[in-house]
Number of protein chains: 2
Amino acid sequence: MVSERSEAGEPTTGEASDRVYAELLARISEGEFAAGERLYEQALAHDLGVSRTPVRDALKRLAAEGLVDTTPNKGAQVISFTAEDAATLYELRAQFEPVACRLSVPRLVEADLAELEDLDARMQAIVAGGHDAAELTGLNNAFHAVFVERCGNRHLSIALQALFRPAVVTRTFREYSPRSLERSMQAHQQLVEAARAGDGEWAEAVMRAHILSTRHATHHD
Amino acid sequence: MVSERSEAGEPTTGEASDRVYAELLARISEGEFAAGERLYEQALAHDLGVSRTPVRDALKRLAAEGLVDTTPNKGAQVISFTAEDAATLYELRAQFEPVACRLSVPRLVEADLAELEDLDARMQAIVAGGHDAAELTGLNNAFHAVFVERCGNRHLSIALQALFRPAVVTRTFREYSPRSLERSMQAHQQLVEAARAGDGEWAEAVMRAHILSTRHATHHD
DNA sequence: ATCTGCAAGATTGCATGCAACCAACGAAGG
DNA sequence: CCTTCGTTGGTTGCATGCAATCTTGCAGAT
């Protein structure tokens with residue numbers, strides 16, 4: 001039968017450990033840590049009100065996911081992309097995320113659909129309002145993560161997340177034109193529609209167009 | 001039980017965490033741990049001659065890579081596949097590993113080529129000799145890992161490893177027919193040739209054929 | 001003035017202690 | 001006899017202490 005809502009690719013270890021992991025991931029996503037910045041265990045531990053142990057755990061997890069670089073006796077620092085790496089990741093994303101879309105859409109349940117609609121609505125509200133780039137990026141990542149997490153195979157989820165998560169450091173929406181932004185929002189709405197219709201191929205096509213469009217819109221060079 | 005690492009030649013050279021990780025990965029690959037078996041930190045620590053801390057680190061790393069399942073206050077246990085999951089992973093592997101091959105072959109340096117040849121030679125020696133399935137599987141994984149690790153993008157490597165590494169629990173060579181084994185060896189030789197020639201497309205084609213052939217040769221039931 | 005060597009501070013990695021939590025077993029009651 | 005609850009042993013998660021290593025700054029020599 002169907003199981004409870006277990007999130008694929010998110011190994012829950014403890015309690016403080018997960019909190020620290022989520023917090024660090026959020027801070028990296030929001031650009032609170034500069035690329036290449038070194039992350040000191042003691043400072044983070046004191047800042048988050050825990051000891052160094054859960055901080056170490058979280059950093060190791062981030063390292064395994066490729067979001068921070070660690071060197072033997074020097075600790076962790078946020079990854080820094082070359083422009084070429086970023087471009088490559090975009091290519092890979094354009095290739096694989098639509099596939100994840102096609103696989104996941106037929107498996108989405110009502111809660112997932114509701115979450116997609118909620119995220120879409122909140123993004124539209126932000127676009128209509130103050131354009132808070134950080135929060136918008138977070139919601140966008142959550143939106144895309146739904147398809148990845150529900151693609152039906154846990155290891156595929158992990159693999160895709162390894163490809164997509166590093167993109168968070170690029171702070172996607174920072175340099176968007178209003179026109180591209182509007183187009184992205186429409187793509188999201190269409191994705192919600194396709195998901196509600198259970199049409200994986202439609203969703204795949206929309207997602208592919210969405211990503212390729214985004215690639216040209218963010219062209220920073 | 002094995003006791004080859006009971007005496008540590010290097011007392012303070014650090015990297016105990018990595019050593020434990022490699023050891024656990026090897027043991028899982030060699031089938032020394034049954035699928036679903038629970039891994040106790042204290043027991044592993046005592047067995048490996050270290051404290052629980054590096055063992056915990058290694059287990060968290062394995063969890064992030066999807067090789068062990070962890071539940072909040074129950075610790076880690078080796079993943080167990082459904083037949084469907086295994087089949088899906090094989091599909092994905094057949095789709096993606098040849099691509100990694102094509103990307104990596106033009107980037108291989110002399111040391112990589114030498115390693116491929118060495119691994120190939122050792123596998124042939126084992127096939128000619130005692131057919132030690134465990135060691136053969138290890139060498140085979142190392143052989144395939146070369147292409148994944150040299151594919152040119154670190155995050156793609158991480159993603160592909162997330163897809164391929166879980167397959168190690170299936171103990172690939174255990175139920176191979178001598179004929180299929182011979183064919184695999186020939187494929188490896190051809191891969192070495194293609195790699196030496198720097199021909200990524202050739203290598204890609206050989207790898208795809210190799211994997212698809214393997215899929216039929218192994219009977220997962 | 002620049003480079004080299006050293007020494008002190010700082011940081012990571014490992015070991016250990018302690019509390020919370022879970023699982024299993026046994027006893028008491030229906 | 002079966003069910004239920006309390007107890008006990010064991011395991012994980014977190015905090016802390018300590019040694020090894022790296023970094024930084026300065027003094028001295030060339």
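In what follows, every chain begins at residue 1, and chains take the letters A, B, ... in the order their sequences are listed.
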Rounded to the nearest angstrom, tell me the gap between atom [atom1] in [X] and atom [atom2] in [N].
| X | N | atom1 | atom2 | answer |
| --- | --- | --- | --- | --- |
| Lys60(B) | dG13(D) | NZ | P | 6 Å |
| Glu15(B) | dT21(D) | CD | P | 11 Å |
| Leu44(B) | dA15(C) | CG | C1' | 17 Å |
| Arg19(B) | dG13(C) | CZ | C1' | 13 Å |

Problem - Pairwise ring-ring contact (aromatic ring centres under 6.0 Å, His included) hits with a residue in residues 93-115 of chain B, at least two apart - result: Phe96(A)-Phe96(B)
Practice task
Please list all pairs passing the salt bridge (charged side-chain N to carboxylate O under 4.0 Å, His left out) test where one or both residues lie in residues 140-159 of chain B, with sequence neighbours left out.
Solution key: Asp69(A)-Arg154(B), Asp112(B)-Arg150(B)
Handout entry: Below 4.0 Å: OP1/OP2 of dC14(D) and any side-chain N or O of Thr53(A)
Key = no
Handout entry: Rounded to 10 degrees, the angle between the two terminal axes of the helix from dA1(C)-dT30(D) to dG30(C)-dC1(D), each from five pairs
Key = 10°
Exercise for the section: Assert yes or no for the condition that the ring centre distance of His155(B) to Phe81(A) is strictly below 6.0 Å. Expected result: yes
With sequence neighbours excluded, what pairs up with [X] under the side-chain hydrogen bond (donor to acceptor under 3.5 Å, both in side chains) test?
| X | value |
| --- | --- |
| Arg107(A) | none |
| Glu117(B) | Arg196(B) |
| Asn73(A) | none |
| Glu135(A) | none |

Scan nucleotides 10-12 of chain C against the protein and return all N/O pairs shorter than 3.5 Å with their distances rounded to 0.1 Å.
residue: dT12(C); atom: OP1; partner: Glu41(A); partner atom: N; Å: 3.4
residue: dT12(C); atom: O3'; partner: Pro72(A); partner atom: O; Å: 3.3

Practice task
For His144(B), check ring-ring contact (aromatic ring centres under 6.0 Å, His included) against everything at least two apart and list the hits.
Solution key: His188(B), His210(B)
